[in-house]
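Keep in mind it's a predicted model, so treat the numbers as computed, not measured.
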Amino acid sequence: MEQTLVLIKPDALQRGLSGTIIARLESRGLKLVALKLMQVGSDLALQHYGEHAEKSFFKGLVKFITSSPIIAMVLEGNEAVAIVRSSMGETNPKNADPGTIRGDFALDMGRNLIHGSDSIDSARKEIALFFADTEILNYQRGTDPWITEL
Ligand code: DAT
Ligand code: MG
């Protein structure tokens with residue numbers, strides 16, 4: 001089953017939106033298979049956002065993600081990568097549809113609440129950056145057959 005990395009960013013934690021964000025993703029049917037509260041250090045931030053190293057906003061992005069704790073989680077489900085991205089909404093909250101997390105709760109590109117892997121390949125790499133294999137659990141929910149037609 002497909003897995004994706006989600007980060008609830010410092011702004012969401014500071015604003016008390018963690019529960020709301022987790023609830024939205026859980027309600028959609030995605031299964032939580034790993035979760036932790038953590039402080040991102042600069043090494044991890046540089047690795048995670050390495051693809052943006054040359055961008056003008058990179059310094060601010062690293063400062064922001066390391067500024068206060070985050071929640072990291074791994075969510076599992078059929079097409080979990082695309083499902084999370086559609087629930088998040090566009091990167092710039094101005095363009096995010098109402099009904100999405102960014103479209104309902106964010107205003108600013110640099111304070112857009114949530115990260116979700118953008119492909120299966122980046123999900124695999126990002127999950128390995130944030131979690132040890134032993135932290136990712138394999139379990140069944142009684143509701144699984146009511147969420148996914150097997
Ligand atoms: P996403 O988080 O939707 O995958 P991304 O990978 O392109 O978006 O960028 C990572 C983060 O960097 C994004 O969530 C917010 C920030 N960011 C991206 N483009 C930006 C810009 N033009 N100005 C300021 N911050 C930006
Ligand atoms: Mg991205």
Side-chain angles (χ1 to χ4, degrees), residues 1-53 57-58 61-93 96-97 99-106 109-150:
M1 189 69 84
E2 198 169 299
Q3 295 182 336
T4 189
L5 181 82
V6 170
L7 305 179
I8 298 180
K9 293 179 177 178
D11 50 343
L13 251 96
Q14 289 283 348
R15 291 176 55 195
L17 290 170
S18 323
T20 301
I21 293 171
I22 294 170
R24 285 197 171 205
L25 298 171
E26 262 192 315
S27 311
R28 195 147 181 202
L30 293 162
K31 187 193 291 185
L32 264 169
V33 295
L35 182 146
K36 61 184 165 191
L37 179 69
M38 61 184 287
Q39 178 83 38
V40 175
S42 52
D43 284 357
L44 179 56
L46 296 183
Q47 281 179 286
H48 177 65
Y49 281 128
E51 64 173 308
H52 299 300
F57 59 82
F58 183 65
L61 180 60
V62 169
K63 188 171 176 203
F64 166 59
I65 203 72
T66 58
S67 64
S68 181
I70 66 152
I71 290 172
M73 52 191 171
V74 180
L75 293 173
E76 188 178 277
N78 264 351
E79 311 216 44
V81 169
I83 296 280
V84 166
R85 294 289 294 187
S86 69
S87 287
M88 284 163 52
E90 292 284 318
T91 305
N92 189 338
D97 289 333
T100 65
I101 292 164
R102 287 164 169 171
D104 285 349
F105 301 116
M109 182 94 110
R111 300 286 184 270
N112 64 4
L113 303 172
I114 180 169
H115 167 85
S117 309
D118 63 7
S119 68
I120 293 175
D121 191 46
S122 26
R124 203 173 295 123
K125 290 179 192 152
E126 292 175 358
I127 289 168
L129 270 182
F130 281 83
F131 289 95
D133 286 349
T134 51
E135 293 178 299
I136 302 169
L137 305 186
N138 183 9
Y139 65 100
Q140 303 303 314
R141 297 177 301 188
T143 49
D144 284 342
W146 301 102
I147 293 167
T148 303
E149 185 176 6
L150 300 169

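- One N or O on the side chain of Glu2 and one on the backbone of Val81 form a donor-acceptor pair closer than 3.5 Å.
- No donor-acceptor pair under 3.5 Å is formed between the side chain of Gln39 and the backbone N or O of Ile70.
- Between Gln140 and Lys31 the shortest heavy-atom distance is CA-NZ, 4.0 Å.
- Between Leu113 and Ala106, the shortest heavy-atom distance links the atoms CD1-CB, 3.9 Å.
- Applying the salt bridge (charged side-chain N to carboxylate O under 4.0 Å, His left out) rule to Glu79 yields no partners; only residues at least two apart in sequence or on another chain are considered.
- Scanning for side-chain contact (heavy atoms from CB on, under 4.5 Å) contacts around Thr148 gives Asn78, Leu150, with sequence neighbours left out.
- Pairing each heavy atom of Gly77 with each of Met1, the nearest pair is C-SD, 3.4 Å.
- Distance alone, capped at 3.5 Å, is enough to place a donor-acceptor pair between the Ser117 side chain and the Leu5 backbone.
- Remark: Arg24 pairs with Asp104 by the salt bridge (charged side-chain N to carboxylate O under 4.0 Å, His left out) rule, at least two apart or across chains.
- Between Ile114 and Leu25 the shortest side-chain heavy-atom distance falls below 4.5 Å.
- Between the Asn112 side chain and the Thr91 main chain, a donor and an acceptor come within less than 3.5 Å of each other.
- Here Thr100 contributes atom OG1 and Met88 contributes atom CE; the two are 9.5 Å apart, rounded to the nearest 0.5 Å.
- In this structure, the separation between CZ on Arg15 and CD1 on Ile8 is 13.0 Å, given to the nearest 0.5 Å.
- In this structure, Met38 and Ala72 approach most closely via the heavy-atom pair SD-CB, 3.9 Å.
- Between the CZ atom of Phe131 and the CD atom of Glu126 there is a distance of 11.5 Å, given to the nearest 0.5 Å.
- In this structure, Leu7 CG and Leu13 CG are separated by 11.0 Å, a value rounded to the nearest 0.5 Å.
- Residues meeting the ring pair (Phe, Tyr, Trp, His ring centres under 6.0 Å) test with Phe64, sequence neighbours left out: none.
- Glu135 CD: more than 12 foreign heavy atoms inside a 6.0 Å radius.
- For the pairing with Ile22, the side chain to side chain contact (heavy atoms under 4.5 Å, CB included) check across Leu17, Val6, Leu35 returns one residue only, Leu35.
- In terms of heavy-atom proximity, Tyr49 sits nearest to Lys9 at OH-CE, 3.4 Å.
- Considering CG of Leu61 and NE2 of His52, their distance stands at 6.5 Å, rounded to 0.5 Å.
- Evaluated for a side chain to side chain contact (heavy atoms under 4.5 Å, CB included) with Gln3, the options Leu30, Ile120, Ile136 yield exactly one hit, Ile136.
- Under the 3.5 Å distance criterion, the side-chain polar atoms of Arg85 are matched with a main-chain donor or acceptor of Gly116.
- Remark: His48 engages His115, Phe130 in a ring pair (Phe, Tyr, Trp, His ring centres under 6.0 Å) (not counting sequence neighbours).
- Minimum interatomic distance between Ala45 and Val40 (heavy atoms only, all atoms of both residues): N-CG1, 3.7 Å.
- Around the NZ atom of Lys36, the shell of radius 6.0 Å holds more than 12 heavy atoms that belong to other residues, nucleotides or ligands.
- Within the 4.5 Å cutoff, side-chain heavy atoms of Arg28 are placed close to those of Ser86.
- To the nearest 0.5 Å, atoms OG (Ser18) and CG (Leu37) are separated by 8.5 Å.
- The ring pair (Phe, Tyr, Trp, His ring centres under 6.0 Å) test applied to Phe58 returns no partner, not counting sequence neighbours.
- Panel note: side chain Ser119, backbone Ser122; a donor-acceptor pair is recorded below 3.5 Å.
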